[in-house]
Amino acid sequence: MKKNNRIVILGGNSFVASNLINLLKRNKIKFLPIFKKDIDLTNVNSIQKLSKILKKNDRLVFISAIAPVKNFRMLIQNLDMCKNVFEVLKKKKIDYLLYVSSDAVYSDSEKQISEQSETKPENLHGFMHLMRENILKLLNMKLCIVRPTLVYGSNDTHNGYGPNQFIRLAQSNQKISLFGRGEERRDHIHVNDVGNAIYFLIGKKYVGTVNLVTGNAISFFKIAQKIKDTYNVKLKYLKRKGPMPHNGYRAFNKNLLKKILPKKNNFIDIFDWIDKKEKYKKK
């Protein structure tokens, strides 16, 4: 990364941004995190504010989102954010843009999902990200879109169903709740691996779409069982109120990411991470 390049991060206090910021500090790369208290991207006055900040050699990381999207009001707010960023970048030329999307843009599939898989989202959250992706593509600039799968790590802000929630419950000596028998299999990636990948892609100015995944689909039961044994707590099974998400299977092909990243790169193993008993912040 050139010394005159500055990394501007929209969504500087986000979970995904945490490790990226640590990497930028460690490598003495100039960066500017932008927080909602500085610029509210849902407000039209953000266009003028952001225009004054951005410079032509900047590389912009667009992480900011109101997520997960649960209703149409949240959908519109997220699209307003993208519209305002789009209006800035349409006039203010910068060096590079990386947009953090989501694996939710993909349709359900019984096969491994790749970057070429069908994108027909099953929910508003995925629909929002796919719309944002398509809007940003209209800019005709150097653009990278990353689509992380389920992200875990000790500073998670969403406390969603999965390893983040399970460990918080176990560290509070509470039962871990599983839907059904926890048989649903998903890919989980550590936030540090997400940050490392984004840092590398920005440095290379990679253009294209990349799934940030490990390639391993593990059941929620196996993860919960490991946490149960590590913290000596109990499991509790909840009756499902609806169909199993993604028909119980959401697996990814990681060939492209493996090809792009340095060969020495190794993803954090979720079971090794559980063994470390990393302390979580209470929600």
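Here CZ of F252 is found 12.5 Å from CG of N216. Values are rounded to the nearest 0.5 Å. Between the NZ atom of K56 and the CZ atom of R6 there is a distance of 14.0 Å, given to the nearest 0.5 Å. Interatomic distance, M81 CE to N43 CG, rounded to the nearest 0.5 Å: 11.5 Å.
Judged by the 6.0 Å distance and 45° axis criteria, R181 is not positioned over the aromatic ring of F221. Geometrically, R147 engages Y106 in a cation-pi contact, judged by NZ or CZ lying under 6.0 Å from the ring centre and within 45° of the ring axis.
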message: What verdict does the side-chain hydrogen bond (donor to acceptor under 3.5 Å, both in side chains) test give for Q171 and Y231, after you've listed the backbone C-alpha separation in whole Å, the side-chain angles of each residue and the deciding distance to 0.1 Å?
response: CA-CA 7 Å; Q171 289 182 349; Y231 289 90; 3.1 Å; yes

message: With side chain to side chain contact (heavy atoms under 4.5 Å, CB included) as the criterion, how do F127 and E122 come out once you've worked through the C-alpha distance, each side chain's angles and the decisive distance to 0.1 Å?
response: CA-CA 8 Å; F127 184 68; E122 307 287 331; over 6 Å; no

- request: Starting from the C-alpha separation in whole Å, work towards a yes-or-no answer on side chain to side chain contact (heavy atoms under 4.5 Å, CB included) for Y206 and F200.
  value: CA-CA 9 Å; Y206 183 86; F200 184 82; over 6 Å; no

- request: Give the intermediate values and the outcome of side chain to side chain contact (heavy atoms under 4.5 Å, CB included) for residues L98 and I198.
  value: CA-CA 8 Å; L98 183 142; I198 291 174; 4.0 Å; yes

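Here the side chain of E115 pairs a donor or acceptor atom with the backbone of N211 at under 3.5 angstrom. For K92 (side chain) and L54 (main-chain N/O), a donor-acceptor pair under 3.5 Å exists by modelled atom type. The main-chain N or O of Q174 is never found under 3.5 Å from a side-chain atom of S172 such that the two would form a donor-acceptor pair. Between the side chain of N164 and the backbone N or O of V151, at least one donor-acceptor pair lies under 3.5 Å. Between the side chain of N123 and the main chain of H125, a donor-acceptor pair closer than 3.5 Å is present. Within the 3.5 Å criterion, the main-chain N or O of N192 finds a donor-acceptor partner in the side chain of N196. Proximity of a side-chain donor or acceptor of N78 to a complementary backbone N or O of I66 within less than 3.5 Å is detected. Without hydrogens or angle criteria, R59 side chain to I202 main chain gives a donor-acceptor distance under 3.5 Å.
When only modelled atom types and interatomic distance are considered, Q77 and T42 share no side-chain donor-acceptor pair under 3.5 Å.
Looking at heavy atoms from C-beta onward, R132 lies out of side-chain contact with S101 at the 4.5 angstrom threshold. N5 has its side chain out of reach of I29: every pair of non-hydrogen atoms, C-beta onward, lies at least 4.5 Å apart.
Hydrophobic clustering (ILVMFWY, side-chain heavy atoms < 4.5 Å, transitive): L257 and V146 are in one cluster. Residue L136 is not grouped with residue L201 when hydrophobic side chains (ILVMFWY) are merged at heavy-atom distances under 4.5 angstrom, including chains of intermediate members. Under a hydrophobic clustering in which Ile, Leu, Val, Met, Phe, Trp and Tyr are joined whenever their side-chain heavy atoms come within less than 4.5 Å, directly or via other members, L75 and L130 fall into different clusters. Hydrophobic cluster membership differs between I53 and F31, with clusters built from Ile, Leu, Val, Met, Phe, Trp and Tyr side chains linked at under 4.5 angstrom. Hydrophobic clustering, with ILVMFWY side chains joined whenever heavy atoms are under 4.5 angstrom apart, keeps V16 apart from V69.
Within 6.0 Å of the CZ atom in F220, the count of heavy atoms belonging to other residues, nucleotides or ligands exceeds 12. Residue N45 places its CG atom among more than 12 non-hydrogen atoms of other residues, nucleotides or ligands, all under 6.0 Å distant. Applying the 6.0 Å contact sphere to CG of N140 captures no more than 12 heavy atoms from other residues, nucleotides or ligands.
Centroid-to-centroid, the aromatic rings of Y152 and H190 come within less than 6.0 Å. Aromatic ring centres of Y161 and F166 lie closer together than 6.0 Å.
E183 has no carboxylate O lying under 4.0 Å from a charged side-chain N of R185, or vice versa, which leaves the two without a salt bridge. No salt bridge links D95 with K55; every basic N to acidic carboxylate O contact stays at or beyond 4.0 Å.
Put simply, the residue from L256, D187, V194, L150 that forms a side-chain contact (heavy atoms from CB on, under 4.5 Å) with V213 is D187.
Evaluation of the side-chain hydrogen bond (donor to acceptor under 3.5 Å, both in side chains) rule for D103 yields T149 as partners, not counting sequence neighbours. In this view, D40 satisfies the salt bridge (Lys or Arg N to Asp or Glu O under 4.0 Å) rule with no residue, not counting sequence neighbours.
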